[in-house]
Structures are given as C-alpha cells and as structure tokens.
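Let me begin by presenting the structure, written as structure tokens, before commenting on it.
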2 protein chains.
Amino acid sequence: MNEHERITRQKELIETIGRNLEKQGIQPVAGRILGMLMVMDKEEYTFDEIVEEMKISKSSASNALRNLELREAIEYVTYPGDRKRYFRISFSDVNKLIEGVKKKFQTDADIFDEVISLKKDSNSKNACALKAISKGMRYFITILENFQNKI
Amino acid sequence: MNEHERITRQKELIETIGRNLEKQGIQPVAGRILGMLMVMDKEEYTFDEIVEEMKISKSSASNALRNLELREAIEYVTYPGDRKRYFRISFSDVNKLIEGVKKKFQTDADIFDEVISLKKDSNSKNACALKAISKGMRYFITILENFQNKI
DNA sequence: TATTTAGTTCTGTTGTTCCCGAACTAAATA
DNA sequence: TATTTAGTTCGGGAACAACAGAACTAAATA
C-alpha cells in the first residue's frame, strides 16, 4: 500500500467511524470530527484547522466540539503563548466502556424486575421470560465486575 | 399497593420503557407499544386493540408494528377461525443480548485495529492508546464467549 | 354479488434536527 | 485606542422523521 492509498483509506475510515457514531446518536459532523481526530497522523487540531479540514462553518464546529466535550469524547490543550485550543480525542479506557455496558444492563434489569413485580399473574408467559432474562443479566453483571477487578 | 396504584405504575413504566427505547433509535409510538406488550397483564393485543389503547391512527400502528417486527422485537400469532393477528413481545434471550454486545465490541475493535495499521507512526499517542483499548476489548470478547459457553 | 373486516399504502402536516451565515464578544496585539 | 484573533450565539432554511387521515386492497362473510 503506497502513501496515497494509505491516506485514501484513512479518509474512508473517518466516514465509517462517523456513520458508526451516528447510530449512537452523535450528529454527523461531530462523528466525522471524532473520526478525524482518531485516524489522522496529525493528532491535535485547532478550531480553524477543523473548520478547514472538514469544510464546515465555524458555528457547526463550535457546536459539535462543545457536544463532544460534554460527552468527554474529546479534550483540548493550550500551549503557552498561543491562544488557540488544540483539540484531541480523549480515549475512554476499557474499564469505562465496561462500566457503560454494565450500567445499561443494570438499568434494563431493574426495569424488568419492576415489570415482573407489577404483574397480576407472576407466572404469566412474559413474567417468566422476564425473570429468566433478568436473572441472566444479573449474572452477566457479576461477570463484568469480575472482569473489572481483574484488569 | 392497591389495584389502582398498580395499574398507574404500569402505565408509568410503559412511558419509562418508551423513552428508554427512543434513546436506542426506536420511534416513540413503537417504543410505547413494545412497553405495553411487556408490562400489561394482557399479553396479546390485536391491531385494533393497539390502535384504541394507544390512541394512534391505523397507519401509525401499521408502520410501528412492521418496524418492530423487522427488529424481531415483536411477533404475532393467529388463531383458527380468526383473521386477526395477535401481537406479542418476542423476547430475545440472554445469549442474543450478549451476542449483540460482543458484535459491537468486535466491530469497534476491528475499526481500531485498522486505524492503528494505517498510522504513519505506529507509536504515536493515539496508536498506543488504541492498541491498549483494542487489546482490552479483545480480551473482554473472550470473556463473553466463555460466558456464552457456560449458559 | 355486496358488505364487512383487517389491515396497508399514499399524501400531507407538523415538529425536529442539522447546519449555515451573520452578528456578536472577550482577549490579545498593534 | 483600534484591530485582529478565536471563537460563541442567534436566526433561519433545508431536509428529514413522526404521525394523521383518507383512500385503497384482499380476504372473509352475508
């Protein structure tokens, strides 16, 4: 793979990552910015560089960056004698990812348990199915916790 | 908790579940239908019952139900001598849930690995961070597989 | 054959999201 | 003090999504 192909592939990856993030509720422009900060060789971009590179307006950039910051997906650094912010991706570690999965499962399991507790017939089809799922999820959560302790 | 309170709480839960599902990209009406099929004591609803219960148009119901079917979130049964479809929730078992988590992690890890492989400097900050995350994710995937084999 | 039933499809309305351009601001610089 | 820099905020338009209503259809029934 020559240099040109490599760059082309990187641009394609930015698109892939962008679409991937869109599915998770991140707006298109923000997803591409995050992708760019992840894949490009240059790993710190100023506001203006982002505006130019992505060909977006300053307002779009401003909103997208604030959004990404709130999600803790990016961060910025400044350098003495330079007013510019240098944005870079902020990687959430594996532990945080696991924490996210765990939380989601916990929330769902809690809801399922409440659904069960509110059933008139606690042996109804749905109640039984939910019990099984809730149980499985709770067990899975303990596995996640073991994993977290190990790493 | 008396009967009235119980029903009230069930209705509230439908809302909670609906909002929860909206976050996952399911449209509002579809989310409430799914919630209803999950929490109510009556566990099979006809098209018309859903229209009436949710106070939505037939077209909304038709679209929402088709959507939920495509996602394999609901299914319907028919009974001999009765043209109506009886819709009910279709629970994905724990294994399927785990499979979903696994797939997501796998996709992300694959993307990360490609990002790394396309870096000019494979020891750059991002490259190193990504390597660590990818490794952690791959390890986590094996844990998931062990869990799947166990249940 | 005419009507009813159980939905589906089409068209239009409303609301929301995404983004842009322009005006604005606060700090640094000339 | 005037200008430049580095953004933010505001107002608006285009595109899209969610839903309703009405017209339609295919199968069953009278």
Side-chain angles (χ1 to χ4, degrees), chain A residues 14-15 17-37 42 44-71 73-90, chain B residues 14-15 17-37 42 44-71 73-90:
Chain A
I14 293 176
E15 256 303 295
I17 292 170
R19 282 198 302 269
N20 221 307
L21 292 169
E22 274 187 75
K23 281 182 205 154
Q24 289 165 50
I26 288 178
Q27 65 204 78
V29 166
R32 270 64 175 184
I33 292 175
L34 202 53
M36 182 180 77
L37 295 178
K42 179 176 169 63
E44 285 185 357
Y45 283 80
T46 66
F47 185 92
D48 285 328
E49 285 169 343
I50 291 170
V51 164
E52 192 171 336
E53 196 73 26
M54 310 290 301
K55 290 165 193 4
I56 55 175
S57 67
K58 290 206 293 174
S59 55
S60 294
S62 178
N63 287 319
L65 291 170
R66 184 180 40 203
N67 237 292
L68 290 171
E69 243 188 283
L70 286 173
R71 288 172 182 272
I74 61 168
E75 58 194 11
Y76 66 85
V77 282
T78 55
Y79 296 100
D82 188 347
R83 269 174 72 202
K84 285 176 189 134
R85 297 180 192 171
Y86 289 80
F87 293 92
R88 64 187 185 198
I89 193 164
S90 153
Chain B
I14 292 176
E15 255 304 295
I17 291 170
R19 284 198 301 269
N20 220 307
L21 292 170
E22 274 188 75
K23 282 183 206 153
Q24 290 164 50
I26 288 178
Q27 65 203 80
V29 166
R32 269 64 175 185
I33 291 176
L34 203 53
M36 182 179 77
L37 295 178
K42 179 175 168 62
E44 286 185 357
Y45 283 79
T46 66
F47 186 91
D48 285 327
E49 284 169 345
I50 291 170
V51 165
E52 191 172 337
E53 196 74 26
M54 310 290 301
K55 290 165 192 7
I56 55 177
S57 67
K58 290 205 292 175
S59 56
S60 294
S62 180
N63 286 319
L65 291 171
R66 184 180 41 205
N67 237 294
L68 290 171
E69 242 187 284
L70 286 173
R71 289 172 182 270
I74 61 168
E75 59 193 11
Y76 66 84
V77 282
T78 55
Y79 295 101
D82 187 346
R83 271 174 72 201
K84 286 177 189 134
R85 296 182 193 169
Y86 289 80
F87 294 93
R88 63 188 187 198
I89 193 163
S90 153

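Residue numbering restarts at 1 for every chain, and letters A, B, ... go by the order of the sequence lines.
When the P atom of C/dT17 is taken as reference, atom CD of B/Glu22 falls 10 Å away, rounded to whole Å. Rounding to whole angstrom units, CG of residue A/Leu70 and P of D/dT8 are separated by 12 Å. Note: CD1 (B/Ile33) to P (D/dA18) measures 13 Å, nearest angstrom. Per the geometry, CD belonging to B/Glu49 stands 15 Å off C1' belonging to C/dT5, to the nearest Å. Rounded to a whole Å, the CD1 atom of A/Ile50 is 14 Å from the P atom of C/dC20. B/Leu65 has its CG atom 12 Å from the C1' atom of C/dA6, to the nearest Å. Rounded to whole Å, the distance from CZ on B/Arg32 to P on D/dA18 is 12 Å. Remark: P of D/dT5 and CD of A/Glu52 are 15 Å apart, rounded to the nearest angstrom.
In this structure, B/Phe87 CZ and B/Glu69 CD are separated by 6.0 Å, a value rounded to the nearest 0.5 Å.
Using a 4.0 Å cut-off, some side-chain N or O of A/Arg66 falls inside it from OP1 or OP2 of D/dT9. Using a 4.0 Å cut-off, no side-chain N or O of B/Gln27 falls inside it from OP1 or OP2 of D/dA17.
In this structure, of D/dG7, C/dC18, C/dG7, it is C/dC18 that holds the atom nearest to the side chain of A/Pro28. Side-chain proximity of A/Arg85 to the nucleotides C/dC18, D/dA6, D/dT8 is greatest for D/dT8.
Contacts between residues 54-63 of chain B and DNA chain D, counted as heavy-atom distances below 4.0 Å, involve B/Lys55, B/Ile56, B/Ser57, B/Ser59, B/Ser60. Contacts between residues 73-84 of chain B and DNA chain C, counted as heavy-atom distances below 4.0 Å, involve B/Arg83, B/Lys84.
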**Report entry** Dot-bracket line, read 5' to 3' along DNA chain D, where crossing pairs take [ ] and | marks a partner on another strand, Watson-Crick or G-U under 3.5 Å
**Finding:** ||||||||||||||||||||||||||||||
